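Beneath this line is the structure, given in structure tokens, with notes to follow.
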Amino acid sequence: MIDVRLIRNDLDRVRAALARRNDPSVMAALDRASSLDVRLREILVERDQLRARVNSISKDVGMLRRDGQVDQAEALQADSRQLGESEKQLAGEHDALNDRLRQELLVIPNLPFEGAPDGTSDADNPVVKGPFLPESFPDHQRVPHWETATALGILDNERATKIAQSMFTMQRGAGATLARALCQLALDRNADAHEEIRPPSLVSTATLTATGQLPKFADDAFAIERDDLWCIPTAEVPLTSIYAGEILDAADLPKRFMAYSPSYRREAGSAGRDTRGMLRAHEFDKVEILALSTPEQAPALLDDMVARAEGTIQVLGLPYRIIEICAGDMGQSHHRSFDIEVYAPGADAWLEVSSISWFSDYQARRADIRYRPVDAEGKPHKGTAFVHTLNGSALAVPRVWAAIVENYRNANGSVSVPEALRPYMRGIDLIEN
RNA sequence: GGAGAGGUGCCAGAGCGGCCGAAUGGGAUGCCCUGCUAAGGCAUUGACCCUCCGGGGUCCGUGGGUUCAAAUCCCACCCUCUCCGCCA
């Protein structure tokens, strides 16, 4: 969430920044938050003054009783009881207002990065690198991966649906091996700078709130209500909260993590879209990279993470482009965001295979992840500050899998295994019937 | 799942309902002493909120309650540890 003091001290700037998101409901929430904050502070001051009086009377009562002056003590107690009543009432009002303010703040999105492009939808996202495409695609690559893969026996979505539900997938044989090889490749390529984590795939409500999915996007997540747990929609969720509620040393930053994990999404708003093949599923595998950093370190880390995701796509030899997300199309928590898209000639579509984002201190404030800042000489400042968080997919398996099946399809219907994956394929370099 | 014990500051650990934001020890930092090292002396050492910058308030696992007053009493929940049960 954004800093309420920013709303208090520089409402115009916040309003201007959020206006770029092009969402009237956000502006309304901002106005409500602003006036709630004003009233909240009035009540806070009043409540604290009452508390101060109760505290000081109570001290006097204690002393009078010790000195045996029971009558005077009881008179003061009667006073204090009265004050206590009004204090209790004010405290209740304060807590109620505070809850309402927090609810408003939780749905107010992050301020977009000043340099992020303007725009209102994905149509306005500029291509900032590429596209890197071959001159043309032969006809044998113009076959959708679900046809090729089903024919080769490496994709069996019919049975996945029987076992679970629609929008679940199942890879078999070399297809399953290929999926796992992609994970292994992505992990190996990022192991130089990241600690590997195997996080929980089910998390608490607090954890899912920290990264921004709750309360606003509850319908997008699978809930295990009996146990008050949620299926993670991405490893970003547990990784971000590793240091929730903790204060880190500046010298330990950046902290960089990578994790393979399954990801679960209800895809509530996308029934019927991209339902074929591997393009959109309720469960998929992904390798995520993530950093906790100082504000100063964040921009360079963002570049580095984009370059890492791009490098993996390059080494797989897939056609791709990089787009920057415009202010009106950014996710709620995002400050600045880039997508890598791979071209799938069979489906004739650009597939988003990686999204790398900088969240400034938005998630860290929700998760309460702080650090002790230091000055130029390395001496600690007074106080603490929130870290910045960044994360992105190092590799999202299903869409890359799909793009490989389409781009590496041979004229006879077989699929070649990209060089970079062969070490992980138990000697399989051609997938055929 | 059953039985028991426990959750206090960076760590360990004390804490009678008021004199407790909290003893004591350790650690860390600064200064002093010391030829160097070891030892020693002194001091500092939590976070957060509001502020008319004088100050005021909150936090002893979390949330409620009792009381003029709660780390301390009561209730619920969470977590940790030990034993038993179950189990990949």
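Note on naming: letters A, B, ... go to the chains in the order of the sequence lines (proteins, then strands), and numbering restarts at 1 for each one. Values in this document were obtained by computation on a predicted structure and should not be read as measured data.
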Run the side-chain donor-acceptor check on residues 172-181 of chain A: report pairs under 3.5 Å with partners two or more places apart or on a different chain.
unit_1	atom_1	unit_2	atom_2	d
A:Arg172	NH1	A:Asp156	OD2	2.8
A:Thr177	OG1	A:Gly173	O	3.1

Atom [atom1], compared across [N] and [M]: separation rounded to whole Å:
N: B:C83; M: B:A71; atom1: P; result: 35 Å
N: B:G4; M: B:C77; atom1: P; result: 15 Å
N: B:C79; M: B:G21; atom1: C1'; result: 24 Å
N: B:G46; M: B:A22; atom1: C1'; result: 12 Å
N: B:A12; M: B:A76; atom1: P; result: 28 Å
N: B:C42; M: B:G26; atom1: P; result: 12 Å
N: B:G85; M: B:C78; atom1: P; result: 24 Å
N: B:A14; M: B:C20; atom1: C1'; result: 12 Å

Pairs satisfying ring pair (Phe, Tyr, Trp, His ring centres under 6.0 Å), at least one member in [range], at least two apart:
range: residues 158-204 of chain A; result: A:Phe168-A:His282
range: residues 58-80 of chain A; result: none
range: residues 93-122 of chain A; result: A:Phe113-A:His335, A:Phe113-A:Trp358

Can a salt bridge be assigned to the pair [X] and [Y] using a cut-off of 4.0 Å between side-chain N and carboxylate O?
X: A:Asp304; Y: A:Arg256; value: yes
X: A:Lys286; Y: A:Glu288; value: yes
X: A:Asp118; Y: A:Arg20; value: yes

In the structure shown, which nucleotide is the Watson-Crick or G-U wobble counterpart of [N], with both distances under 3.5 Å?
N: B:A5; value: B:U80
N: B:G46; value: B:C59
N: B:G85; value: none
N: B:A70; value: none
N: B:C31; value: B:G41
N: B:A22; value: none

If you look only at distance, which donor and acceptor atoms sit under 3.5 Å apart when one is on a side chain in residues 239-255 of chain A and the other is two or more places apart or in another chain?
unit_1	atom_1	unit_2	atom_2	d
A:Thr240	OG1	A:Glu236	O	2.7

Answer with base, sugar-phosphate or nothing: what part of the nucleic acid does A:Leu44 contact at a heavy-atom distance below 4.0 Å? sugar-phosphate

Taking any heavy-atom pair under 4.0 Å as a contact, classify A:Arg370: base, sugar-phosphate, or nothing. sugar-phosphate

Report the residue (A:Ser56 or A:Ala385) whose heavy-atom-nearest nucleotide on RNA chain B is the more 5′ of the two.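 Comparing both residues, the 5'-ward one is A:Ala385.
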
Given RNA chain B, 5'-ward residue of the pair A:Lys59 and A:Arg8, judged by closest heavy atom: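 By nearest-heavy-atom nucleotide position, the 5'-most residue is A:Lys59.
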
Neighbours of RNA chain B within residues 48-55 of chain A, by heavy-atom distance under 4.0 Å: A:Asp48, A:Arg51, A:Ala52, A:Asn55

Of all of residues 78-107 of chain A, which get a heavy atom below 4.0 angstrom from RNA chain B, listed by number? A:Ser80, A:Arg81, A:Lys88

My understanding is that only residues two or more places apart in sequence, or in another chain, count here; which of them pass salt bridge (Lys or Arg N to Asp or Glu O under 4.0 Å) with A:Arg422?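 Only A:Glu419 meet the salt bridge (Lys or Arg N to Asp or Glu O under 4.0 Å) criterion with A:Arg422.
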
What residues, two or more places apart in sequence or in another chain, satisfy salt bridge (Lys or Arg N to Asp or Glu O under 4.0 Å) together with A:Glu87? A:Arg51

My understanding is that only residues two or more places apart in sequence, or in another chain, count here; which of them pass ring pair (Phe, Tyr, Trp, His ring centres under 6.0 Å) with A:Phe338?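 Scan of A:Phe338 (ring pair (Phe, Tyr, Trp, His ring centres under 6.0 Å), adjacent residues dropped) gives none.
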
Between which nucleotides of RNA chain B, 5' to 3', does chain A make heavy-atom contacts below 4.0 Å?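 Answer, 5' to 3': B:G18 to B:A69.
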
Name all residues meeting the side chain to side chain donor-acceptor pair (under 3.5 Å) criterion together with A:Thr150; count only those two or more places apart in sequence or in a different chain, and write none if there are none.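 In terms of side chain to side chain donor-acceptor pair (under 3.5 Å), with neighbours along the sequence ignored, A:Thr150 is linked to no residue.
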
A:Arg21 side chain reached by A:Asn110 side chain, heavy atoms, under 4.5 Å: yes

Is the glycosidic torsion of B:G7 within 90° of 0, making it syn, or is it anti? anti

